Protein chains: 2
Amino acid sequence: MALDEVVALAKALSDENRIRILASLRNGERCVCQVIELLALAPSTTSKHLAILKQAGLVQSRKEGRWMHYRLTTSSGTSPAEEAIRWVIANLENDPRIVADDRQLDSILSVERAELCCRQREGRRCC
Amino acid sequence: MALDEVVALAKALSDENRIRILASLRNGERCVCQVIELLALAPSTTSKHLAILKQAGLVQSRKEGRWMHYRLTTSSGTSPAEEAIRWVIANLENDPRIVADDRQLDSILSVERAELCCRQREGRRCC
DNA sequence: CCTATATTTCGTCATATGGCGAACTATAGG
DNA sequence: CCTATAGTTCGCCATATGACGAAATATAGG
């Protein structure tokens, strides 16, 4: 039912950290450990946010060994979820926090994934 | 800031009753008493929902004596709120609850506003 | 197979949200 | 002005949400 879908999508979008996740995925898929690093949240919390976005149909996931990658949903191009993603991204341009996230994401992506996870284990923030 | 605005709009849209309110306004402004009747919620609850929608910029209000009218926001036509309204309405087409609401709203609009408020005072649902 | 480890699930806590009724506010009309 | 009344605000309660750490799961690699 469309009413339920609209509400479910809006609920998924009604959290700042989840919006930041969507923004971080707009230029390509990211590994969970990279999202954890960007948000500086506990792995369990980050995983829950990703699960909520996936449940709402806003992101899709791909498993690669021990690593899990998430990306923005692409399907027909005209689904409610995809329209919502476009609305979100379009309204985020030039937001200072998103710009800062973009910069930090560059740093995160410049680190080897294994090295990033290693640093996270040892409780050090890498960037 | 755009991030805050996106989250605020999504929060305002993340409740079924508030979506039903937006749908009920899509063909013109409505009086609070008419919205109360449609949702079958307490006046205080309905008023709070309308205040949340107004705070988010999704609806505007107009006072006419003791009566207050709400309508969907119209401004530039390309504001985040207006884009959100279009997204919501477009995805609600043919939803059975919205169709039922539309029918009930016809009934409500066929009753004199004073008569509607009178019935509400006496605790009777009119439709 | 055994160990290490990336991610998820579970349990718990603090806070946010949505509901109501009672009290308050503002305005129409006697 | 006094009363009635449409709507809002306030105080309260039950439930939902987001945070964390601990425990569980799944997989790579010795």
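A note on names: the letters A, B, ... follow the listed sequences, proteins ahead of strands, and every chain is numbered from 1. It should be emphasised that the depicted structure is a prediction, and the values quoted were computed from it without experimental measurement.
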Measure the distance from CZ on R20(B) to P on dG19(C) and round it to the nearest whole Å.
10 Å
Between L50(A) and A42(B), just flag the one whose closest nucleotide in DNA chain C comes earlier from the 5' side.
L50(A)
Whole-Å distance, I52(B) CD1 to dT8(D) P, equals 12 Å
Closest-nucleotide ordering on DNA chain D, the 5'-leading residue of A114(B) and E64(A):
A114(B)
Modelled atom types, side-chain donor and acceptor of S107(B) and Q104(B), under 3.5 Å:
no
dA26(C) phosphate, OP1 or OP2: any side-chain N/O from K63(B) under 4.0 angstrom?
no
Does R119(B) pair with E115(B) as a salt bridge, N-O distance under 4.0 Å?
yes
Let me know the distance between CG of L13(A) and P of dT17(D), rounded to the nearest Å.
14 Å
Closer to the 5' end of DNA chain D via nearest nucleotide, is it S14(A) or G65(A)?
S14(A)
N or O in side chain of R18(B) less than 4.0 angstrom from dG18(C) OP1/OP2:
yes
Would you sort out whether Y70(B) and L53(B) count as a side chain to side chain contact (heavy atoms under 4.5 Å, CB included), showing the intermediate values?
CA-CA 10 Å; Y70(B) 285 87; L53(B) 290 170; over 6 Å; no
Check whether more than 12 heavy atoms from other residues, nucleotides or ligands sit under 6.0 Å from atom CD of E112(B), and answer yes or no.
no
When rounded to whole Å, the CE to C1' distance for the pair M68(B) and dT9(D) reads 13 Å
Between C1' on dA22(D) and CZ on R121(A), what's the gap in Å once rounded to a whole number?
18 Å
Hey, does K48(B) reach any base, or is it just sugar-phosphate, or nothing, if we go heavy atoms under 4.0 Å?
nothing
Report yes if a donor N or O on one partner sits less than 3.5 Å from an acceptor N or O on the other, where the partners are the side chain of S44(A) and the base of dG21(D); otherwise report no.
yes
Does dT8(D) have OP1 or OP2 under 4.0 Å away from a side-chain N or O of S47(B)?
yes
Round to a whole Å and report the spacing from NE2 of H69(B) to C1' of dA6(D).
11 Å
When the distance from CZ of R66(B) to P of dG30(C) is rounded to whole Å, what number comes out?
10 Å
On the nucleotide dA19(D), are OP1 or OP2 found under 4.0 Å from the side-chain N or O atoms that H49(A) carries?
yes
Rounded to whole Å, how long is the line connecting atom CG of L41(B) with atom P of dG18(C)?
12 Å
Step through the shown structure and confirm whether more than 12 heavy atoms of other residues, nucleotides or ligands are within 6.0 Å of CZ on R103(A).
no
At less than 4.0 Å, is any side-chain N or O atom of Y70(B) found next to OP1 or OP2 of dT8(D)? Yes or no.
yes
